[in-house]
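To keep things clear, I will list the structure first and then write my remarks on it.
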Amino acid sequence: MSAARGELRALIFDVDGTLAETERDGHRIAFNQAFADAGLDWHWDVPTYGRLLAITGGKERMLHYWQEIDPQAAAAPGADALIAELHRRKTAHYVRLVAEGGIALRPGVRRLLEQARGAGLRLAIATTTTPDNVQALLQATLGPGGMEWFEVVGAGDAVPRKKPDPGIYTWVLDRLGLAAGHCLAFEDSTNGLRAAHGAGLRTVVTTGTYTRDEDFTGALAWLDGLGDATQAASGLVRGQPWQGVVGLDELRQWAG
Ligand code: XBP
Ligand code: MG
């Protein structure tokens, strides 16, 4: 990471696993509903889905799984169309589940977003998930104007290659018009950390359900969450043990 450091101007957030624990009880359920709709006998249990999360992007994940269980069918004409149809259905299920209030923000996320807005920091999103999913989650958790909290939303197929490719982060930095040294990224997975580091961004990692055993050596902070009044976060900051609540003062100090 070679970007020059400077005053902290923007925070760039991953969505799935970082803003909210969406994977196990959100995306996974929606994929299984789409498979059932299509009359497929595919079913992703919790451990299977954890393994498949190594493949980012829902279409890419389904194709990978299909190639594992039936490579010939996955290569046949029409395979792409089936994947696209399954993904449309999956997105509809996910959006409905989230709109019904099925997913909450992780502890401390709303607090940090509000602090950042109050201090004039710019907010952005860099995610592999589909834009409709981002909108549904932000509206359900932050309110009808939730999308407007974020000046730039980089999502889904905005770039040709998904994380761990850094493309979505460079796409967001270009639109913010900021150098990486003026921003911090927030991630929950090694794929996300690789993407952010590839774009030169220092990264605060908050591990979650599926990522608490991954190795985040090299992250600016490697924590179990952001923490809030009732539950301090703990982990490592610059490799040193740290415990507390992550707020703007901490981020400015770490980024300085
Ligand atoms: C999230 C993902 C996404 C979701 C599914 O990764 O990998 O693919 O699981 O979303 P990250 P879609 O948190 O690193 O952005 O089905 O809309 O692709
Ligand atoms: Mg994530």
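Counting starts at 1 for both ligands and their atoms, following the listed order.
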Y94 and H27: CA distance, side-chain angles, deciding distance, ring-ring contact (aromatic ring centres under 6.0 Å, His included) verdict: CA-CA 6 Å; Y94 179 84; H27 289 294; 4.0 Å; yes

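- Ligand 1 does not have N191 within reach: every non-hydrogen atom of the residue lies 4.0 Å or more from it.
- Residue contacts with ligand 1 for E23 involve side-chain atoms from C-beta outward but no N, CA, C or O (heavy atoms, distance under 4.0 Å).
- Considering H43, M62, K90 as possible partners of F35, the one that fulfils the side-chain contact (heavy atoms from CB on, under 4.5 Å) test is M62.
- In summary, the aromatic rings of F31 and W42 are positioned with their centroids too far apart to meet the 6.0 Å limit.
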Audit row: E114, R111, salt bridge (Lys or Arg N to Asp or Glu O under 4.0 Å) steps and yes/no: CA-CA 5 Å; E114 284 174 345; R111 169 186 56 73; over 6 Å; no

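- The shortest distance between side-chain heavy atoms of I12 and L176 falls below 4.5 Å.
- Closest protein heavy atom to atom 10 (O) of ligand 1: T129 OG1, 2.8 Å.
- Counting protein heavy atoms only, atom 8 (O) of ligand 1 is closest to G57 N, 2.9 Å.
- The atoms of ligand 1 that sit less than 4.0 Å from any heavy atom of H87 are 12 (P), 16 (O), 17 (O), 18 (O).
- Among protein heavy atoms, atom 14 (O) of ligand 1 sits closest to K163 CD, 3.5 Å.
- On a distance-only criterion, T91 and ligand 1 share no N/O pair closer than 3.5 Å.
- For ligand 1 and T56, the ligand atoms under 4.0 Å from any heavy atom of the residue are 7 (O).
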ring-ring contact (aromatic ring centres under 6.0 Å, His included) between W242 and W254, intermediate numbers included: CA-CA 12 Å; W242 186 88; W254 300 345; 5.1 Å; yes

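- In this structure, R28 does not pair ionically with E23, as no charged nitrogen and carboxylate oxygen lie closer than 4.0 Å.
- For the pair D188 and E214, the minimum side-chain heavy-atom distance is 4.5 Å or more.
- The existence of a salt bridge linking R194 and D165 is excluded, since no basic side-chain nitrogen approaches an acidic carboxylate oxygen closer than 4.0 Å.
- Less than 4.0 angstrom separates some heavy atom of T130 from each of these atoms of ligand 1: 12 (P), 17 (O).
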Verdict with reasoning, K163 to E187, per salt bridge (Lys or Arg N to Asp or Glu O under 4.0 Å): CA-CA 11 Å; K163 300 173 188 176; E187 276 288 353; 2.8 Å; yes

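- By the 3.5 Å distance cut-off applied to N or O atoms, G58 is counted among the residues near ligand 1.
- Closest of all the heavy-atom pairs between K59 and H87 is CG-CG, 3.5 Å.
- Comparing E60, K90, R61 against atom 16 (O) of ligand 1, the shortest heavy-atom distance belongs to K90.
- Tested against L138 for a side-chain contact (heavy atoms from CB on, under 4.5 Å), the candidates L113, V98, L19 yield a single pass: L19.
- The closest protein non-hydrogen atom to atom 6 (O) of ligand 1 is T128 OG1, 3.1 Å.
- Distance from atom 13 (O) of ligand 1 to its nearest protein heavy atom, with residue and atom name: D14 OD1, 2.8 Å.
- Vertex the Mg ion (ligand 2); arms to D188 OD1 and D16 O; angle rounded to 10 degrees, 90°.
- Applying the 4.0 Å criterion to heavy atoms of N133 picks out, from ligand 1, the atoms 17 (O).
- Within the 4.0 Å heavy-atom cutoff, K162 does not count among the residues contacting ligand 1.
- Checking only distances, A126 never comes within under 3.5 Å of ligand 1, N or O to N or O.
- Taking a cut-off of under 4.0 Å to the non-hydrogen atoms of Y49, the atoms of ligand 1 that pass are 9 (O).
- Among heteroatoms of the N, O or S kind in D14, OD2 lies nearest the Mg ion (ligand 2).
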